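Here the structure comes first, spelled out in structure tokens, and everything after it is commentary.
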Amino acid sequence: MKEKDLRRSLSVLPIGTVMKLTSLTARQIRYYEEQGLVSPERNDGNRRMYSLNDIDVILEIKDYLDEGLNIAKIQEIYKKRKEDNKSNDTKELTDQEARKILSDELLNIGGLNSHDAANNSF
DNA sequence: ATTCTCACA
DNA sequence: TGTGAGTA
């Protein structure tokens, strides 16, 4: 599935489209790039061009932010995910990988809930 | 019209 | 993060 991956990585969307697709402001989208969470290309006139992959990531960032994570935590998640992908570049394992990533993210999210951990009378 | 950088409330 | 200024 390299063809599909390639197309998914083609940066052809201007920030305006990303705004509509993600319901975020240009400010936020640019800020996430500043934090190294997305890496849009800079084609004509120094304008950011996003790929479908970027949209995916930005959408996830939005979800994480929604669940109460801060930029720092999200950066950790993506850093870990990247190293995980490098570990097994020998095959296309997707099920086992997905499980690890999922549990990894859930752990990060859970570890953040220190506020309700105190009054856990149930 | 659209996006970019920078800086300040 | 929002927003306005001055560009490209």
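Because the structure is predicted, anything quoted here is derived from the model rather than measured. Reckoned from all heavy atoms, side chains included, excluding hydrogens, waters and symmetry mates. Lettering follows sequence order; numbering is per chain, from 1.
Taking atom CG of residue A:L13 and atom P of nucleotide B:dT2, one finds them 16 Å apart after rounding to whole Å. Going from atom OH of A:Y50 over to atom P of B:dT2 covers 17 Å, rounded to whole Å. A:Q28 places its CD atom 10 Å from the C1' atom of C:dG2, with the value rounded to the nearest Å. Atom-to-atom, CZ of A:R30 to C1' of B:dC4 comes out at 6 Å; the value is rounded to the nearest Å. Rounded to an integer number of Å, the gap from CE of A:M49 to P of B:dT2 is 14 Å. Between the CD atom of A:E33 and the P atom of B:dT3 there is a distance of 14 Å, rounded to whole Å. A straight line from CD of A:E34 to C1' of B:dC6 spans 11 Å, rounded to a whole angstrom. Atom C1' of nucleotide B:dT2 and atom CG of A:N46 are separated by 14 Å, given to the nearest angstrom.
Between A:Y32 and C:dT1 there is a side-chain polar atom (N or O) within less than 4.0 angstrom of OP1 or OP2. Taking side-chain N and O atoms only, A:R42 has a distance below 4.0 Å to OP1 or OP2 of B:dT5.
Residues A:Y32 and A:D54 form no side-chain contact, since every pair of their non-hydrogen atoms from C-beta on lies 4.5 Å or further apart. Counting heavy atoms from C-beta on, the side chains of A:Q35 and A:Q75 come closer than 4.5 Å. A 4.5 Å side-chain heavy-atom check between A:I55 and A:V18 finds at least one atom pair inside the cut-off.
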Evaluate the side chain to side chain contact (heavy atoms under 4.5 Å, CB included) criterion for residues A:I71 and A:L37: first the C-alpha distance (whole Å), next the side-chain angles of each, then the deciding distance (0.1 Å), finally the verdict. CA-CA 9 Å; A:I71 298 295; A:L37 293 142; 4.1 Å; yes
Do A:R48 and A:E41 pass the salt bridge (Lys or Arg N to Asp or Glu O under 4.0 Å) test, and can you show the C-alpha distance, the side-chain angles, and the key distance before you say yes or no? CA-CA 6 Å; A:R48 297 179 178 72; A:E41 318 241 320; over 6 Å; no
Are A:K62 and A:L24 close enough, and set up right, to give a side chain to side chain contact (heavy atoms under 4.5 Å, CB included), and what steps lead you there? CA-CA 8 Å; A:K62 206 185 137 195; A:L24 290 171; 4.0 Å; yes
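Contacts between residues 14-25 of chain A and DNA chain B, counted as heavy-atom distances below 4.0 Å, involve A:P14, A:I15, A:G16.
Every side-chain hydrogen bond (donor to acceptor under 3.5 Å, both in side chains) that A:T25 has, sequence neighbours left out, goes to A:Q28. Partners of A:N53 under the side chain to side chain contact (heavy atoms under 4.5 Å, CB included) rule, at least two apart in sequence or in another chain, are A:R8, A:S9, A:S51. Looking at residues two or more places apart in sequence or on another chain, you find no side-chain hydrogen bond (donor to acceptor under 3.5 Å, both in side chains) involving A:D44.
Paired with A:Y50 under the rule side chain to side chain contact (heavy atoms under 4.5 Å, CB included), one option of A:I29, A:T22, A:T17 passes, and it is A:I29.
Residue A:R48 is classed as a sugar-phosphate contact, given heavy-atom separations below 4.0 Å to backbone atoms only.
Transitive grouping of hydrophobic side chains (ILVMFWY, heavy atoms separated by less than 4.5 Å) keeps A:M49 and A:V38 in distinct clusters.
For the strand DNA chain B, secondary-structure stems (runs of at least three Watson-Crick or G-U pairs, all distances below 3.5 Å) span B:4-8 with C:2-6.
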In 5'-to-3' order, the base (B), backbone-only (S) or no-contact (-) status of each nucleotide in nucleotides 3-8 of chain C, using a 4.0 angstrom heavy-atom cut-off, is B----B
